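Step one of this worksheet: look at the structure below.
Chain identifiers are assigned alphabetically (A, B, ...) following the order of the sequence lines, protein sequences preceding nucleic acid strands; residue numbering begins at 1 within each chain. All values reported here derive from a predicted model rather than from experimental measurement.
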Number of protein chains: 2
Amino acid sequence: MTTIYDIAKATEYSITTVSKVLNNYPNVSEKAKKKVLQAVEELGYTPNSSARTLATNKSWMIGVVFAEHLGVGMAHPFFSEVIESFKKQVELYDYDLLFVSRNMGLQKRTYKHLKHRGVDGVVVVQSLGEEAIEYSTSKLPTVFIDMPIEKSSAVYSDNKQGGMLAVDYLYGLGHRKIAHIAGRDTMFTAVERTRGFKLATREKGLTIPEQYIVDGGYYSYEGGREAMVRLLGLEAPPTAVFVAGDEMALGAVKVIKEAGLRVPEDISVIGFDDIPLSKHVDPPLTTIRQDKQLIGQQSAVLLLDKINGLSKNNQDKIVPVQLIKRNSCSAL
Amino acid sequence: MTTIYDIAKATEYSITTVSKVLNNYPNVSEKAKKKVLQAVEELGYTPNSSARTLATNKSWMIGVVFAEHLGVGMAHPFFSEVIESFKKQVELYDYDLLFVSRNMGLQKRTYKHLKHRGVDGVVVVQSLGEEAIEYSTSKLPTVFIDMPIEKSSAVYSDNKQGGMLAVDYLYGLGHRKIAHIAGRDTMFTAVERTRGFKLATREKGLTIPEQYIVDGGYYSYEGGREAMVRLLGLEAPPTAVFVAGDEMALGAVKVIKEAGLRVPEDISVIGFDDIPLSKHVDPPLTTIRQDKQLIGQQSAVLLLDKINGLSKNNQDKIVPVQLIKRNSCSAL
DNA sequence: ATTAAGATGGAAAGCGCTTTCGTTAGGAGT
DNA sequence: ACTCCTAACGAAAGCGCTTTCCATCTTAAT
């Protein structure tokens with residue numbers, strides 16, 4: 001491995017000067033600059049980032065901690081897009097992304113591990129919040145996605161508004177018996193979407209029977225299936241259902257079809273997320289779109305500002321959602 | 001930041017002993033072990049990985065370089081699953097994944113950057129191969145996914161076999177006019193699938209007109225659309241088409257429907273990959289499934305062995321594919 | 001009691017880099 | 001000719017850790 005010393009020897013300058021050239025310090029002569037750069041080229045020198053990190057206490061890495069209770073990790077159709085957008089943004093400023101593992105050595109906690117790695121910042125995606133305290137109380141710049149955390153920054157969609165949009169749309173279509181397949185209430189997003197649902201139905205003067213709101217778990221296909229089965233089992237099934245997640249909605253649609261009913265003729269279904277799948281299924285799913293692009297980008301901006309000490313106080317960014325009309329809802 | 005020195009001071013042992021405890025060296029007393037571990041706990045000590053890496057020349061990071069010509073990065077429905085599986089496997093051995101950016105500082109080449117980061121190994125996913133040389137000629141342990149590289153290890157599906165399976169199935173269904181929407185021939189996988197197609201059709205004694213094989217580009221939905229338009233424009237359109245990728249197949253199906261024809265009644269379509277989408281679309285897509293799980297896991301195993309010096313010579317692992325019958329193909 | 005062997009602990013060098021602070025040389029100003 | 005300033009460069013310390021090699025202290029064997 002060729003080091004800064006090799007360059008120094010080759011150019012007959014000191015390692016100090018070499019380092020200065022490499023870091024664009026002002027007080028080096030043009031001549032020195034040229035010689036050093038040339039030697040770097042010839043010897044194929046690559047700086048060692050560990051050494052630099054050790055000396056500067058800056059790693060140029062951002063830690064990513066991913067939701068694991070969904071089981072798919074980075075293959076998640078929604079979060080993978082968010083993170084990709086996040087990555088694109090931080091890349092502009094020369095940061096790399098470090099995906100850390102949970103079972104690292106003896107230290108079980110991801111937080112410890114991130115600390116160990118010396119990342120400059122952390123983005124945590126849809127954790128359940130148990131770990132949140134460690135991050136929010138530490139000096140490590142952190143941004144949460146999909147979950148507001150006291151004493152930390154976060155960015156998430158306007159979930160409540162999304163729930164209201166869904167209900168408004170369904171109501172406008174003439175539906176009055178509107179059900180809701182909710183996400184597990186341990187998740188902030190789930191709670192908010194349900195809140196939007198309740199708010200809007202109340203606003204419209206609708207009385208929603210208790211059984212019309214059913215827990216579908218962690219936004220999974222299977223959860224959607226089970227929830228829909230229960231809805232269909234009711235003495236007075238709904239004519240429309242607002243499902244808090246697209247995958248869950250697909251499960252629901254499947255059950256409806258299996259019951260010999262049609263979507264949207266017999267039951268209208270509206271989802272949430274707008275994952276890539278949604279426009280391809282049958283029928284194409286009407287849904288509340290989250291702006292993954294913007295969520296990723298905004299969280300990157302927030303985090304970068306924090307890292308650079310530009311924004312001292314924490315803040316939440318709420319990203320607008322949008323109703324995407326496709327064919328899974330129809331007028332009554 | 002508390003360091004090994006703080007622990008030494010607190011326990012009245014030397015940093016050497018502290019280090020030995022932390023690294024499970026044999027020759028330290030139980031007493032010392034206990035005291036040190038306790039101090040570690042009390043002072044909230046976290047080892048600094050940069051320092052350790054600098055001293056040991058081992059980073060416990062694996063670099064991931066992703067295909068960019070597909071544009072979606074890590075949100076790719078197929079590769080994200082492969083990488084997730086890869087991640088799960090390397091996590092078992094305490095490695096973290098580093099996703100590096102391309103435009104790092106002045107050094108444009110990803111390879112240089114990986115070198116700079118001191119990763120212990122690299123997994124490159126569906127690059128186009130131009131960069132391959134740098135990796136294969138260097139000492140950096142590397143494994144390629146979806147592309148065999150001379151002087152390097154690789155793992156990929158049995159693409160040729162997949163192509164043959166598809167044709168065999170279609171043939172068995174009674175089809176004789178079988179077309180093929182291929183991937184761009186700069187990709188190894190595309191070439192192999194096409195090769196399988198040609199081999200099988202020849203085997204069956206079929207004569208496939210030249211226009212029956214059409215380039216669909218980089219496996220995109222749009223590419224599939226355009227290709228199918230051309231196929232439909234033929235004086236004698238095919239009764240079945242083997243599409244080299246699922247997303248591309250969806251585009252093809254869409255065009256068929258738009259033309260007022262039905263899948264599979266009028267035209268049978270079989271895809272390749274089996275992405276999550278495939279089973280949800282209408283009709284559920286018959287396809288050749290790639291074992292993403294196994295591909296990811298195998299490449300991890302291969303890479304880890306290389307890193308640990310267990311396997312000197314390079315090798316390719318070919319992962320079997322499987323025909324998944326759904327409803328997009330029917331007997332003639 | 002004496003010695004050898006094993007167990008335990010520590011000094012110090014080194015990993016590759018940054019950065020502070022001095023030193024030197026040359027040019028400008030008088 | 002002399003002083004003063006500035007520009008250019010380098011010595012050395014330090015970042016936090018590992019690891020070799022040597023010193024010391026026990027313990028068991030004779």
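- Rounded to 10 degrees, the angle separating the terminal helix axes of the helix from C:dA1-D:dT30 to C:dT30-D:dA1, each built from five base pairs, is 40°.
- The aromatic rings of B:H76 and B:F78 stand perpendicular to each other, their planes meeting at an angle above 60°, with 30° marking the opposite boundary.
- Annotation: side chain to side chain donor-acceptor pair (under 3.5 Å) contacts of B:Q293 (sequence neighbours excluded): none.
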Show each protein N/O and nucleotides 22-25 of chain D N/O combination with a separation under 3.5 Å, one pair to a line.
none

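- In the displayed structure, A:N57 atom CG is contacted under 6.0 Å by at most 12 heavy atoms of other residues, nucleotides or ligands.
- C:dC17 atom P lies 12 Å from atom CG of B:N57, rounded to whole Å.
- Between B:Y135 and B:S152, the side chains place no donor N or O within less than 3.5 Å of an acceptor N or O (distance only, hydrogens not considered).
- Residue pairs satisfying the salt bridge (Lys or Arg N to Asp or Glu O under 4.0 Å) criterion with at least one member in residues 25-37 of chain B, sequence neighbours excluded, are listed as follows: B:E30-B:K33.
- Rounded to a whole Å, the CG atom of A:N23 is 7 Å from the P atom of C:dT19.
- Judged as a salt bridge (Lys or Arg N to Asp or Glu O under 4.0 Å), not a single pair has a partner in residues 291-301 of chain A (not counting sequence neighbours).
- If you check residues 9-16 of chain A against DNA chain D, the residues with a heavy atom closer than 4.0 Å are A:E12, A:Y13, A:S14, A:T16, listed by number.
- C:dT18 atom C1' lies 14 Å from atom CG of A:N24, rounded to whole Å.
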Without placing hydrogens or testing angles, list every side-chain donor-acceptor pair under 3.5 Å for residues 297-304 of chain A, not counting sequence neighbours.
{"residue": "A:S299", "atom": "OG", "partner": "A:I295", "partner atom": "O", "Å": "2.6"}
{"residue": "A:S299", "atom": "OG", "partner": "A:G296", "partner atom": "O", "Å": "2.9"}

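- Legend: salt bridge (Lys or Arg N to Asp or Glu O under 4.0 Å) pairs involving residues 142-153 of chain B, not counting sequence neighbours: none detected.
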When you compare the protein's N or O atoms with those of nucleotides 21-28 of chain C, which come within less than 3.5 Å of each other, and at what distance?
none

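- With sequence neighbours excluded, no residue satisfies ring-ring contact (aromatic ring centres under 6.0 Å, His included) with B:Y45.
- Qualifying side-chain contact (heavy atoms from CB on, under 4.5 Å) partners for A:S19, counting only residues two or more places apart in sequence or in other chains: A:I4, A:N23.
- Residues A:S59 and A:D120 bring a donor and an acceptor atom of their side chains to less than 3.5 Å of each other.
- Applying the side chain to side chain donor-acceptor pair (under 3.5 Å) test to residues at least two apart or on different chains, the pairs with a partner in residues 2-15 of chain A are A:S14-A:T17.
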